[in-house]
Structures are given as C-alpha cells and as structure tokens.
*Asks:* 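Dumping the structure here so I can ask a few things about it.
No hydrogens, no waters, no symmetry mates; every other heavy atom, side chains included, goes into these values. A note on names: the letters A, B, ... follow the listed sequences, proteins ahead of strands, and every chain is numbered from 1.
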Protein chains: 2
Amino acid sequence: MIEGAVRLLATEGVEGTSFANVLAATDSPRGSVYHHFPGGKAELVREALDFACEAAMATMEAARGKPARAVVQQFLDLWRELLIDSDLRAGCVVMAVTVAAGDESLRKYAGDIFRRWTEQLIGLFAEAGVDRRSARQLATTLISAMEGAVALSRAEQSSEPFEDVCAALLRLADTLSKRTRPK
Amino acid sequence: MIEGAVRLLATEGVEGTSFANVLAATDSPRGSVYHHFPGGKAELVREALDFACEAAMATMEAARGKPARAVVQQFLDLWRELLIDSDLRAGCVVMAVTVAAGDESLRKYAGDIFRRWTEQLIGLFAEAGVDRRSARQLATTLISAMEGAVALSRAEQSSEPFEDVCAALLRLADTLSKRTRPK
DNA sequence: GTCTATACGAAGATAGAC
DNA sequence: GTCTATCTTCGTATAGAC
C-alpha cells in the first residue's frame, strides 16, 4: 500500500493519491486503513516519503568510494530509470509533496529528505576528494537540476531536456571536482 | 482573480487553488465565475499559467543583446525575487501544475510553457554568441536547476540551496559560453 | 484486522432570478 | 454580470459489528 502511494504520488500528485485510489491500485483491504495509518493521509504520505527516500539513498550507497564522476553518473542513472521506466510519467515524490502539500508539516518533512540526500552526496564527493565547498555546490545543484529536469521531461513528454541537463551536469562535475581537497 | 490564482498556485498548489480560495483571496464576485471562466477550473489554471509565462518572458526580454553571463544573472534574479519576496513560500506555477495536474491536457499546457521559456533563452544565448548546442544545454539546465532550487529552498525554508545552485550555474555558464559560435 | 455504514465537509459545476 | 440555491461527487474520518 505504501508502494502504491509512492507510485501514485509520483504520477498523480498528492491530490490524486486518495485512499480510494491507493486501495484500488493495490487491492488492499478497505476496512483497516485507519488501523494501519492512524494519522490518516498525512501518515501515509510520510511513510511513502520515507520509503522513496531510503530507496534512493540505498542505491547511491553503491557509489561510495568511487570517483566523483562515477557518483554523478550513478545519480543521473537513478533518475533516468524513474523517468524511462514510467514512460515519462513519473516524477519525484518529494517534489510532489513540496509543491502540493496542504499541510505545512509535510513540506518540512520533504525538506528534511532533501537535506538527507544533500548530506549523503556531500559525503560521497568528500570521500572522492572534492573540497567541501565544491562538494556542497555540486550536491545541491545535482539534486536541483535533476528535480527540474524530470519535471521538464515529464511535462514536455520528451527525454531531450533530461539528457541535455545530464550532459551539462557531467561537465559541471568535471569543473568542480578539479578543486580537490587539500590534504 | 487570475493574479490571485497565480499566487495560490505558487504557494498552495493546484489542490489549494479552489474557486472558494481564490475568491476569498481576491474579493471577487462569486456569481460570475462560470461567466468569466466557462471552462471551469481548468480554464482558470490555463489563464494563470499564461499570465505567469508572459510575465517571466517579458522580464527576460530586458536581457536581450547582453552577454551570456548577464542573461544568466537576469534569470537567476527573476527566481530569487519570487523566492525572497514570498519569504520562501512561493514556487513556480508551471511546476505546480506539472506535478499535480489531474488533467493530462494541463500537463501538456505546462510543457508548452517550458518549451517557450527554453526557446527564448536559447535565442538570448545565441545572440550573445554562444553556439547552438551549448545554448540549448545551458537554457535547459538553467530552467531545470532553478525549478529544483526553488523547491529545495522552499521545502528546507532556507535560501542556502538556492544560492549554492546560483553559484554553480554561473560557473557552468562561464564554461559553456566559452564555446562561442563560429562566424 | 477487516468489514459496512455513515457522518461531515469541500469542491466543481449548473439553474434560474435579478 | 452578479446573486442565491442546489446538485453531485468525492475524500477524509469515525463508529461499531464481526
């Protein structure tokens, strides 16, 4: 059911992720919704955010210890997969919540996930020898640009914007990671 | 009323932009909503998108004829203004619709606006002497990264992500615009 | 845990008087 | 053009039986 919520949030947004839709998409039992999610819809959305957050971070862990360019490549692939596997229909769950949450606390929750992603990337770049300042800029820019690129490609129903951004980001990564950390 | 819809879309998303909310926010007459917007909510959203689209493009026209770096700076300032003037509460209307539109046609409508923004930026960079390929990459990346950066700063309630991305984009612009168009 | 039934409110939309 | 009234649908949430 949480996975179903993730899928719906990514493709239909918060509005489209009603209990009715999630249940219909997952053949879940109707009667026990508030047994499993006493906090109601907000809780379901939080759990979906956690799930998506962990999945992304687990994937990125595979790039630990590799050079900066490989870390970037892994990150781009992560988003390309989301986009291509969904036929350009899915976006980022965290973005969906950020932009559409009626609840202020949900937006903060999304913000915390962005922070965690950023810190993880900074760590990966730091291990690859990139100086702290460049690592932070690179991490934040990667996340921002991917979030935007996925949205553009989704709206335009074309992978071209996404691929253009990927190309530019690889170039940026080369520029920024030349500034290696002084030892 | 259209301006009110723009404000609500930017801060509350599509879900929060109900007729009731727009009316309350703008002291508009209740009775004539469907007189002015026979297409219902979808039409209101389309008009709001048009309004926001034109406003942004008009601002960017001021940078026509200037060097690439000035074009970039103008674009960054455009988004910084949105973010700061709203106390980190507003996002991009087009992003809001892309991510939350129940209607498929609205998403396409948003895509057209992204296209128009991209084409305008490509034109500005081309006039500044940047080669076509770099101009396209730079334009798409600028839009994507700003869309994402605004969302991150909004979610995290901090202007730091936004400013980090701005710094990185200026660096990228310098790299890409060195490739000048052969004459 | 899962069910049915139901309360409650919000939102989109329409009709018809003024 | 603007009003009021109303309809319908939907979504969240609760209550209580099994």
*Asks:* Could you please name the option among C/dT2, D/dG1, D/dA13 that lies closest to any side-chain atom of A/H36?
*Replies:* C/dT2
*Asks:* Nearest to the side chain of B/S18, which nucleotide is it out of C/dG1, C/dA11, D/dT2?
*Replies:* C/dA11
*Asks:* Will you find, in the side chains of B/D50 and B/Y109, an N or O donor that is under 3.5 Å from an N or O acceptor?
*Replies:* yes
*Asks:* Select one nucleotide: of C/dA13, C/dA11, D/dT12, the one nearest the side-chain heavy atoms of A/K41.
*Replies:* D/dT12
*Asks:* For the side chain of A/Q120 and the backbone of A/M57, is there at least one donor-acceptor N/O pair under 3.5 Å apart?
*Replies:* yes
*Asks:* Quickly work out the A/L8 CG to D/dG11 P distance and round it to whole Å.
*Replies:* 11 Å
*Asks:* In terms of side-chain heavy atoms of A/Y34, which of C/dA13, C/dT2, D/dT14 is nearest?
*Replies:* D/dT14
*Asks:* Is B/E119 salt-bridged to B/R136, cutoff N-O under 4.0 Å?
*Replies:* yes
*Asks:* Using the side-chain heavy atoms of A/N21, tell me which of these nucleotides is nearest: D/dG11, C/dA13, D/dT2.
*Replies:* D/dG11
*Asks:* In plain terms, say whether A/D77 and A/R80 are close enough for a salt bridge, that is, a side-chain N and a carboxylate O under 4.0 Å apart.
*Replies:* yes
*Asks:* Which nucleotide in the set D/dC3, C/dA13, D/dT2 lies at the smallest distance from any side-chain heavy atom of B/R30?
*Replies:* D/dC3
*Asks:* When you check the phosphate oxygens OP1 and OP2 of D/dT2, does a side-chain N or O of B/S32 lie under 4.0 Å from one of them?
*Replies:* yes
*Asks:* Report the nucleotide, chosen from C/dG12, D/dC3, D/dG1, that has the shortest atom-to-atom distance to any side-chain atom of B/H35.
*Replies:* D/dG1
